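In what follows, chains carry the letters A, B, and so on, assigned in the order in which the sequence lines appear, proteins first and then strands, with residues in each chain numbered from 1. The structure displayed is predicted, hence computed values, not measured ones.
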2 protein chains.
Amino acid sequence: MDIRIRLGRNVRALREARGWSQEDYADRAGIHRTYVSDIERGRRNPTVTVVEKLAAPLGVTAGALLN
Amino acid sequence: MDIRIRLGRNVRALREARGWSQEDYADRAGIHRTYVSDIERGRRNPTVTVVEKLAAPLGVTAGALLN
DNA sequence: TTGTGACTCTAAGTCCGTT
DNA sequence: GAACGGACTTAGAGTCACA
């Protein structure tokens, strides 16, 4: 399965588990709201530094988001 | 520590453990030799699809390269 | 065998909005 | 709240000659 789809599913599941909206989460991660939306739907191919930003507020490692 | 540095160290360690040159490895991963060189030294900020390409010939998950 | 600067071209990443 | 679109600037993808 495409790694972008896996990343998106992982991010969405963890975000929703915390009860955050995309905008809440985007602010915490320091990433734009629309970009988070695209990533969750597997439409973007983010860099490793963005994966790290995505992981931080979720309290997981960057690697965990890719598996 | 910078995630790009961690990625580079992980890639280099696993590649050398297999006794491959950068060029051998680059061919197996379907990536240019000089690009591998840059990644191992933390000079690039690759996307998740590149991380997946890097992981495949090493027999590890993409996530494992980031931790 | 690996490192480096320079290069072109494409996509990352942001920001505006509407549905 | 989230999906989606367009337009925009910056940075990554990918390659090369050479050290």
Min side-chain heavy-atom separation B:Glu16-B:Glu40 under 4.5 Å = no
OP1 or OP2 of C:dA12 sitting under 4.0 Å from any side-chain N/O of B:Thr47?
-> no
Strand-adjacent residues in residues 32-39 of chain A, judged by heavy atoms under 4.0 Å from DNA chain D | A:Arg33, A:Thr34, A:Ser37
Is the shortest heavy-atom distance from the side chain of A:Met1 to the side chain of A:Arg9 under 4.5 Å?
-> yes
Does the pair A:Asp38/A:Arg43 count as a salt bridge with the N-to-O cut at 4.0 Å?
-> no
Side-chain N,O (A:Arg43) to OP1/OP2 (D:dC4) below 4.0 Å | yes
Apply side-chain contact (heavy atoms from CB on, under 4.5 Å) to A:Leu7 and A:Ile39, showing your working.
-> CA-CA 8 Å; A:Leu7 170 65; A:Ile39 287 170; 4.2 Å; yes
Here the distance between atom P of C:dT1 and atom CD of B:Gln22, to the nearest Å, is 11 Å
Is any N or O donor-acceptor pair between the side chain of B:Arg41 and the base of C:dG3 shorter than 3.5 Å?
-> no
How do B:Glu23 and B:Asn45 order along DNA chain C: which one's closest nucleotide is nearer the 5' end?
-> B:Glu23
Mind checking whether B:Thr47 and A:Pro46 have side chains closer than 4.5 Å, heavy atoms only?
-> no
Cut-off 3.5 Å, side chains only: do A:Ser37 and A:Arg41 have a donor facing an acceptor?
-> yes
Out of curiosity, does A:Val60 fall in the hydrophobic cluster containing B:Val48 (side-chain heavy atoms, cut-off under 4.5 Å, transitive links)?
-> yes
All heavy atoms of B:Ser21 vs all of B:Arg15, minimum pair found to be C-NH1, 3.5 Å
Can you check the B:Trp20 CH2 to C:dT2 C1' distance for me, whole Å?
-> 18 Å
C:dA11 base / A:Arg44 side chain donor-acceptor hit below 3.5 Å | no
Check each residue of residues 5-19 of chain A for a non-hydrogen atom within less than 4.0 Å of any atom in DNA chain D, then write out the ones that pass by number, or none.
-> A:Arg12, A:Arg15
